[in-house]
2 protein chains.
Amino acid sequence: MSVRINLAPKEGKYLTFLYRKQVEEEKRVTTTILAKSFRVNPATVTEIFQKLAKKKLVEYTRYYGAKLTERGIVEAERLIRKHRILEVFLVRFLRYDAAKACKEASIIDHYCSEELINAICQAYRHPKRCPCNKTIFSNPDCEGKSELESKSSNQTVGDLNG
Amino acid sequence: MSVRINLAPKEGKYLTFLYRKQVEEEKRVTTTILAKSFRVNPATVTEIFQKLAKKKLVEYTRYYGAKLTERGIVEAERLIRKHRILEVFLVRFLRYDAAKACKEASIIDHYCSEELINAICQAYRHPKRCPCNKTIFSNPDCEGKSELESKSSNQTVGDLNG
DNA sequence: TAAAAATTTTTGGTTAATCCTAAATTTTTT
DNA sequence: AAAAAATTTAGGATTAACCAAAAATTTTTA
């Protein structure tokens, strides 16, 4: 349906950081802040800004900074949703505390398929808040589905794993 | 404790494939088989063999092939355990069918921390078999722990996520 | 067993992701 | 308007994964 957005792992991390600062905390994010937060050279941040701009996820103005576009916001929310759904799972199912859950979720969040996240979301009946009480954005593909339908594959080619 | 083994994502995939063929099916794995299975150029397989050899995970003999070392076997079993524990979770908790679970597990298995896998393992009381009835190797760090202990973090630096 | 066929490796690339330093540029402070 | 601070550019480095074509080796087979 929507256009494929191909985000490298770190690009996703920078994007969601941008979202948290800009949208959730309404703060302007400087290159230096990004650089310090991720412990990288400022030049690296500039480079990432340019890449995100090329993908139309931010509007980038030299020496001013990067501002998320509508597309960027949608994409960031998609990623943050994954993170927070995982946190819910880790806390409720594995009894992690919130801080630990956050760290663990960060390791895999951007690698998890939408489908897996939706399945967990359904299992917990579409939670609205993560363990630290932040909003979990809804996903139209997920809402309105019961937790009874089983997930089955198309049974295609032989797996390499198993 | 043991020496850190730094495996690139694909290296892990090739290593576990090698394990399944060599140890579980007792078949010799040729460069061509690997190349066809992963749909890559044979030259790529040779390159991977050399990398795995440099990491002492296989003994590589030109024109003959690669044979897993003891270290390689241990590492492969560690990775395959992750995969299979995830499969158990996907089938039991999210009601995936076995084939689908395998695919989904393959996406994240090598990224999951040992700790996360152990937590799931404990939650299911150290299952001995995956959904397709293959052995789940045991992990001394995991066995013997109850599922009651909660996982809490050391509360260190501020998180970028949440 | 020697030539042909098949397989494997080597050589010499490519692209993408992340990151860096130093110099240049722009903005902000004083 | 200097000086100081922040940011960008330019030019690199490394690592992961790939590939094609040529060379080397093994296997097949006539």
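Lettering of chains follows the sequences in order, A, B, ..., and the numbering in each one begins at 1. Please read all numbers here as calculations on a predicted model, not as lab measurements.
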Open item on the list: What's F49(A) touching, base or sugar-phosphate or nothing? Going by heavy atoms closer than 4.0 Å.
Closed with: nothing
Open item on the list: Distance check needed: dG11(D) C1' versus E47(A) CD, whole Å only.
Closed with: 12 Å
Task: Greater than 12 external heavy atoms within 6.0 Å of K128(A)'s NZ - done: yes
Open item on the list: Below the 4.0 Å mark, does dT8(D) have OP1 or OP2 next to a side-chain nitrogen or oxygen of T31(A)?
Closed with: yes
Open item on the list: Applying the side chain to side chain donor-acceptor pair (under 3.5 Å) criterion to D109(B), which one of K13(B), R84(B), R81(B) satisfies it?
Closed with: K13(B)
Open item on the list: Can you tell me if Y60(B) touches the phosphate of dT8(C), counting only side-chain N or O atoms and a distance under 4.0 Å to OP1 or OP2?
Closed with: no
TODO: Using the six-membered ring wherever Trp is involved, compare the ring planes of F38(B) and F17(B) and label them parallel, tilted or perpendicular (cut-offs 30° and 60°).
DONE: perpendicular
TODO: Using a heavy-atom cut-off of under 4.0 Å over every strand shown, decide if A8(A) touches base, sugar-phosphate, or nothing.
DONE: sugar-phosphate
- [ ] Can you tell me the distance, in whole Å, between the CG atom of L34(B) and the P atom of dT9(C)?
- [x] 10 Å
TODO: Report yes if at least one side-chain N or O of T32(B) is closer than 4.0 Å to OP1 or OP2 of dT8(C); otherwise report no.
DONE: yes
Open item on the list: Under 4.5 Å between side-chain heavy atoms, counting indirect links through other Ile/Leu/Val/Met/Phe/Trp/Tyr residues: same cluster for I73(B) and F137(B) or not?
Closed with: yes
- [ ] Rounded off to whole Å, could you give me the NZ-to-P distance for the K10(A) and dT15(D) pair?
- [x] 15 Å
TODO: May I ask you to verify if any side-chain N or O of T44(B) is less than 4.0 angstrom from the OP1 or OP2 atom of dC18(D)?
DONE: no
- [ ] To the nearest Å, give me how far apart CD (E11(B)) and P (dT15(D)) are.
- [x] 12 Å
- [ ] Report yes or no: is the cationic atom of R28(A) (NZ for Lys, CZ for Arg) closer than 6.0 Å to the six-membered ring centre of Y64(A), at no more than 45° off its axis?
- [x] yes
Open item on the list: In this structure, how many angstroms lie between the P atom of dA5(D) and the CG atom of N41(A), rounded?
Closed with: 18 Å
Task: Position toward the 5' end of DNA chain C (nearest nucleotide), R28(A) or T46(B) - done: T46(B)
- [ ] Send over the distance from Q50(A) CD to dT8(D) C1', rounded to a whole Å.
- [x] 8 Å
Task: First of Y14(A) and G65(B) reached from the 5' end of DNA chain C, by closest nucleotide - done: G65(B)
TODO: Measure the distance from CZ on R62(B) to C1' on dA23(D) and round it to the nearest whole Å.
DONE: 11 Å
Open item on the list: Please determine whether a side-chain nitrogen or oxygen atom of Y64(B) lies at a distance below 4.0 Å from atom OP1 or OP2 of dT25(D).
Closed with: no
Open item on the list: Measure OH/Y63(A) against C1'/dT9(D) and give the value in whole Å, please.
Closed with: 8 Å
